[in-house]
Structure formats: C-alpha cells, structure tokens
2 protein chains.
Amino acid sequence: MPRKPQQPRAHATVGAIVEAGFISLARHGVENTTTRHIADIAGVSVGSLYEYFANKEEVFDAMHEHMVREVVGMVRPLIPTLVRMDIRELVAELLYRFRDLLERDDGRYLRYMSYAAYFAPRDQIEPINRLLMDLLMKYVMHHPRLVRLGNLPAMGFIMINGGVFTVIRYLTEPNPTVAFDDLVRGLGDMVAHFVDGELQRAGSAD
Amino acid sequence: MPRKPQQPRAHATVGAIVEAGFISLARHGVENTTTRHIADIAGVSVGSLYEYFANKEEVFDAMHEHMVREVVGMVRPLIPTLVRMDIRELVAELLYRFRDLLERDDGRYLRYMSYAAYFAPRDQIEPINRLLMDLLMKYVMHHPRLVRLGNLPAMGFIMINGGVFTVIRYLTEPNPTVAFDDLVRGLGDMVAHFVDGELQRAGSAD
DNA sequence: GGCATATCCGAGTTGAATCCGAACAATTAG
DNA sequence: CTAATTGTTCGGATTCAACTCGGATATGCC
C-alpha cells in the first residue's frame, strides 16, 4: 500500500521518479525500463519508489496523468482563440503546438505517447478526447453555418483520432518521406473540404 | 540460436505456438501472456518453444508476420475490383473487410493489432502501408481526373494511417457511442469530399 | 534535546524468461 | 532390420527484474 507524500522532500521524490520515468523510457524504451533504472535516474532507491507507487504500472499511470495535464493545460486556454479562427488555421495551430509539446525535451513525451495507447486504459486518454470534442462543439457554436453538419459525433471521432494518431505516427517515423508542413496542410484541407462538401450537400437537399 | 523446423511435426509445433500466442494474448492480454501460457496452450513444453524462437519477442514477431500475411492476402486480390469502384464504395468495402478480419476468432487479431500498432517496429507494418499506397496509386491511374490531385504522398499517409488507426481504435472501444456504419460513412465522405474539393480548387486555378 | 512520524534504503524473496543436457522420435547407412 | 545420426521434445536449473520488509535516517514539533 503506497503512501501519500506529505513533506516537501517526499513530493520532490515523487516528482523525480515521474520525471525519471520519462527519461528512462526515452533512453531505453519500455521493454528495458526497469524500476532500478528509474530509481537510479531519480537518485533514489527502489525501496523509495515502492513507497509511493504500488508497482511499476503506477509510475506509468502517474506519467500519463502528467502528460494529460500538460496537453490539457496547453489546449484549454487556446480554445477562445481557436474558436474564432478559420478551420485550416485551427488545425494548423493545434498540430504545431501539439508537435512542439511532443518534441520538447528530446521527444520525452513523444516517446511515451507512442506507447501510451497500449498501456493506458481508455479512461486515462478520455480527458483529451473530451477536451477536443468540447473544442469541436464550441467551434460549431461559433460558426452557425456548421450547425447543419450531420453526425458530429462520428466526424469528431474520426477527426480527433485520425488526427492525433496520424501526427504521433508521423513524428515517430525515423525518416519521413513528406514534410510536416505538408501533413498539416493536408489535414487542414481534409477537414475544410469535408465541411464545405457536407454543407453543399445539405444545402442542395433543402 | 533457434533452429529451423524441418520435419512436419516441427512445423506443426511452430504453427501451434504462433496460434497459441494469439489465443493467450486475446485471453490474458500482453502483460499476462507468459511463455508457459503459450507453451501450455500450444500443448508443448517451454523448451520446445525456445527451440524455434530465441525469445518471447520472436513469437510476437512470428504472430506479426502471420497477421500481415493475412491482411495482404485479403487485400491484394481485391485490388482489381476496388480500383473500379466509386471512392465511397472502396472505403466501405475495405473497412468492412478489415473489420471482419480483425473480429474473426473472437477478436484474436484485433487484440493483437491494438498492441502491435504501437509496438511493432516500423518495418513490420511497412508491407501493409506499401500495399495500401499501391492501391491508392493504382486507383489514381484508373481515374485519370484524380491525377490532378497534388501531394499524394502526404494525403496517402493521412488517409492510410488515419483510417487504420481510427478503425482499430473504434473496434477496441468498450462501448462505442457511434455506429460502425456511421464511422465508415464518415470516412468515405471525408475522402470523397476531399477529392472533390481539391479537384474543384485545381480546376479553378487553371 | 527528545519524541513521533515521515522518509529512505538495499539486501532478500518470488516468479517469469531463458538455458541446457538428457530422453525420445525420425531418418538414413549398411 | 539394426545401429548411428540427426531432429525434436522435455522440464528442472539459472538468471534477472519486480516487489517486500525491517531497520536506518531525516524532519517537525514540543
């Protein structure tokens, strides 16, 4: 039964362990990330690690939470601005920011992200999905013509998942054959043309 | 150093181990899939497993190869037919077949795929990517108006990765909020509208 | 300072991955 | 057909990483 850190010293230990988790993962990959590695990098003993985490899995969970908080913290304040943008700009802004976040600290988060989908249970990714779905809904509200779009849940699912995974996969590609700019432009065009096409279809169906 | 099976009995053993891998994975998840489990399900001893596979990883590699062969074997013969279809039909046909394959044998392949999609080294997924890129190119050839589309590599990357991951993610969702039919229709619309939009843009730029 | 509590430590235990040498089966030479 | 050789299987022994535990050290409060 892991304990809650109470003194500042203990909080620092927990923080160091989580950070060490990212570092070890980026350095050795998941397979070769042992509790001993993590403890060593964090500068504490294995015993201390198990003082605050029931098992290795929980360290990953904590890393995940950290990452989610980071992403949400980045996107949420942008929402009011994003909502007023042209749809292509929105896609671009979001994707460039997302890339920058993932590539920070030598791709520490990116490396984790490419494993997370497998490790992390659904409900841990959920906050990000909800956030993006929320953004989508707010965007539609601010652009009344979009209210006519049908089946937003399905389209949201496609755009969010398709977008996120495509970018993660692109960034982990060792030597990409296309430029990131082209990818971003492509995704923007995709969404924009979809919207235009659907609106046209809805309009002619009146 | 693992050996190559030579006698039919040994081939059967190897086959049983690979199949047992899928079964164990579907039953217990990756975490709890041990070599002992796999050997037990296959009806052989651990020793035999290590006779043909250097380590557990290699069992997974073999499963991967099996899966890729399965997918390629399904898609390749369809290409001549797909290439003549309307683009929405093509997307639908491909996705329904893909789903059926993944859900065969109680989702044996799906379970593996959701693990492999993130973990498998690039070069192991490559054949599927190449196959789909090939399909895309052939499709463009058969529909000359599409030749005007710009930046096919980037769009191919988006459509292939976005499509595949979206579907895998959808199928592993415990209780999806949208119907698979809607997802398929959405993806079809996405691609179709994109094509129309781009052609329109290219046309007006003449 | 002295007590209570929080934190840290690392050798020891446990179990899964992997190795290995003997037993068993198939194939081949004579 | 028998013996020798080569292929196959087996399961106990070994190794290494996850995790535990009892004691040592640090912190905060009186």
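The sequence lines fix the lettering, A, B, ..., with proteins before strands; numbering per chain opens at 1.
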Between [options], spot the one nearest the side chain of [X], thanks.
X	options	result
A:S45	D:dC10, D:dC19, C:dG10	C:dG10
B:Y50	D:dC19, D:dC10, C:dC19	C:dC19
A:Q7	D:dG28, C:dC8, D:dA18	D:dG28
A:S48	C:dC9, C:dT18, D:dA26	C:dC9
B:A10	C:dA6, C:dC9, D:dT8	D:dT8

Open item on the list: Please verify the inter-ring angle class for A:H66 with A:Y109; under 30° counts as parallel, over 60° as perpendicular, anything in between as tilted.
Closed with: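 Tilted.
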Open item on the list: Can you classify the ring geometry of A:Y170 versus B:F157 as parallel (below 30°), tilted (30 to 60°) or perpendicular (above 60°)?
Closed with: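 Rings of A:Y170 and B:F157: perpendicular, over 60°.
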Open item on the list: Need to verify one output field. Residue with the more 5' nearest nucleotide on DNA chain C, A:Y52 or A:R36?
Closed with: A:Y52
In whole Å, I'd like the distance from the [atom1] atom of [X] to the [atom2] atom of [N].
X	N	atom1	atom2	value
B:H37	C:dG15	NE2	P	14 Å
A:H11	C:dA6	NE2	P	14 Å
A:E31	D:dC16	CD	P	18 Å
A:H28	D:dA17	NE2	C1'	14 Å
B:F53	C:dC19	CZ	C1'	17 Å
B:D40	D:dC10	CG	C1'	13 Å
A:R3	C:dC9	CZ	P	13 Å
A:Q6	C:dC8	CD	C1'	15 Å

Open item on the list: With a sphere of 6.0 Å drawn around CE of A:M74, does it hold more than 12 non-hydrogen atoms of other residues, nucleotides or ligands?
Closed with: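 More than 12 heavy atoms, drawn from other residues, nucleotides or ligands, come within 6.0 Å of this atom.
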TODO: Using a heavy-atom cut-off of under 4.0 Å over every strand shown, decide if B:T34 touches base, sugar-phosphate, or nothing.
DONE: sugar-phosphate
Open item on the list: Please classify the nucleic acid contact of B:V46 as base, sugar-phosphate, or nothing, using heavy-atom distances under 4.0 Å.
Closed with: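 Touches a base.
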Open item on the list: I'd like to know whether the aromatic ring centres of A:Y115 and A:F60 sit less than 6.0 Å apart in this structure.
Closed with: no
TODO: Looking only at non-hydrogen atoms, find the nearest pair between B:L136 and B:L152 and report the distance.
DONE: CD2-O, 4.4 Å
TODO: Tell me whether the OP1 or OP2 atom of C:dC8 has a side-chain N or O from A:T13 closer than 4.0 Å.
DONE: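 Result: yes.
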